[in-house]
Amino acid sequence: MNMRLVIMFLLTGTLFFCNTGKAQRLVFVFANGMYNTPAGDFKSAGYNYGFGGEAGAGIGLLGSTFLTGSVGYNSFNSKASGVKNLKATPIKFGLRQYLFARMLFVKADAGVAAVSNTGDDGSKFTLGAGAGVKLAGLNLGIDYNTIRLNQPGVNWAGWFAFKAGFSFGL
């Protein structure tokens, strides 16, 4: 077999696969499970840990920037007697910026959360920021989230969310 033909075939194949691997995905969906660790006044108010999940989607804006929307559920266990577990269901919109070959990302989002079992139940303002890594379809990340509660001793409930889940482009 002609060596030039083999080399040309290999180079053409390599260029083809390199270009298709960088195809722009304009839409992606994701789902994450979360382990939540309360911080600051929220931790002092008698909450020690929580679990949750979220699902959402992103739409490409410019380059590596995406507009995101998500719906989630968080439940925080109370360690104080007489204090009920706090439950929050946030709906948030934000931005996600991918860095370094679309492996690392930073994000910020804000929205409203339906909060229950606080004595001041209802819709509350929520916001968060975080960073993560995307390896193939696996997402790993950490966020800092807050909810405005207006409770004695806890104006803002803040926590770190350790996330693991998946995403895929459409």
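Residue numbers start at 1 and run along the sequence shown.
Scanning both residues, Asn85 and Ser78, for their nearest heavy atoms gives OD1-N, 2.9 Å. When all heavy atoms are compared, the tightest approach of Arg102 to Gly63 is NH2-O, 3.0 Å. Taking both residues in full, the closest heavy atoms of Ala164 and Leu140 are given as CB-CD2, 3.8 Å, listed atom of the first, atom of the second, then distance. Between Met34 and Asn74, the shortest heavy-atom contact is CE-OD1, 3.5 Å. Among all heavy-atom pairs drawn from Pro38 and Trp159, the shortest one is CA-CB, 3.7 Å. A pairwise comparison of heavy atoms in Asn36 and Phe76 identifies CB-CE2, 3.4 Å as the closest pair.
Interatomic distance, Lys87 NZ to Asp121 CG, rounded to the nearest 0.5 Å: 10.5 Å. Taken from OG1 in Thr68 to CG in Leu61, the straight-line distance is 9.5 Å, to the nearest 0.5 Å. Summarising the geometry, atom CZ belonging to Arg148 is positioned 5.0 Å from atom CG belonging to Asn155; distances are rounded to the nearest 0.5 Å. Here CD1 of Ile147 is found 7.0 Å from CZ of Phe42. Values are rounded to the nearest 0.5 Å. The OG1 atom of Thr37 lies 15.5 Å from the OH atom of Tyr47; values are rounded to the nearest 0.5 Å. The distance from the CG atom of Leu104 to the OH atom of Tyr98 is 10.5 Å, given to the nearest 0.5 Å.
Side-chain atoms of Asn139 do not come within 3.5 Å of backbone N or O of Lys134 as any donor-acceptor pair. Ser123 places no side-chain N or O within 3.5 Å of a backbone atom of Ala113 that could act as its donor or acceptor partner.
Both Phe160 and Tyr49 are assigned to one and the same hydrophobic cluster, defined by single-linkage of ILVMFWY side chains at heavy-atom distances under 4.5 Å. Criterion: ILVMFWY side-chain heavy atoms under 4.5 Å apart, direct or through other members. Under it, Phe51 and Ile142 are part of a common hydrophobic cluster. In the hydrophobic clustering of this structure, Phe93 does not group with Val112; members are Ile, Leu, Val, Met, Phe, Trp, Tyr whose side-chain heavy atoms approach within less than 4.5 Å, directly or through other members. Residues Val29 and Leu135 fall into different hydrophobic clusters, defined by Ile, Leu, Val, Met, Phe, Trp and Tyr side chains chained together at heavy-atom separations under 4.5 Å. In this structure, Leu138 is a member of the same hydrophobic cluster as Val106, with clusters built from ILVMFWY side-chain heavy atoms closer than 4.5 Å.
Within 6.0 Å of the NZ atom in Lys84, the count of heavy atoms belonging to other residues, nucleotides or ligands does not exceed 12. Taking a 6.0 Å sphere around CD1 of Ile59, one finds it holds 12 or fewer heavy atoms contributed by other residues, nucleotides or ligands. Counted within 6.0 Å of CD1 on Ile91, heavy atoms from surrounding residues, nucleotides or ligands total 12 or fewer; the atom is thus considered open.
With respect to Lys92 and Glu54, no salt bridge is recorded, no charged nitrogen being found less than 4.0 Å from a carboxylate O.
Figure legend: Arg96 and Phe105 shown as a cation-pi pair, the cationic atom lying under 6.0 angstrom from the six-membered ring centre and within 45 degrees of its axis.
Taking the six-membered ring wherever Trp is involved, the centroid distance between the rings of Phe166 and Phe30 does not fall below 6.0 Å.
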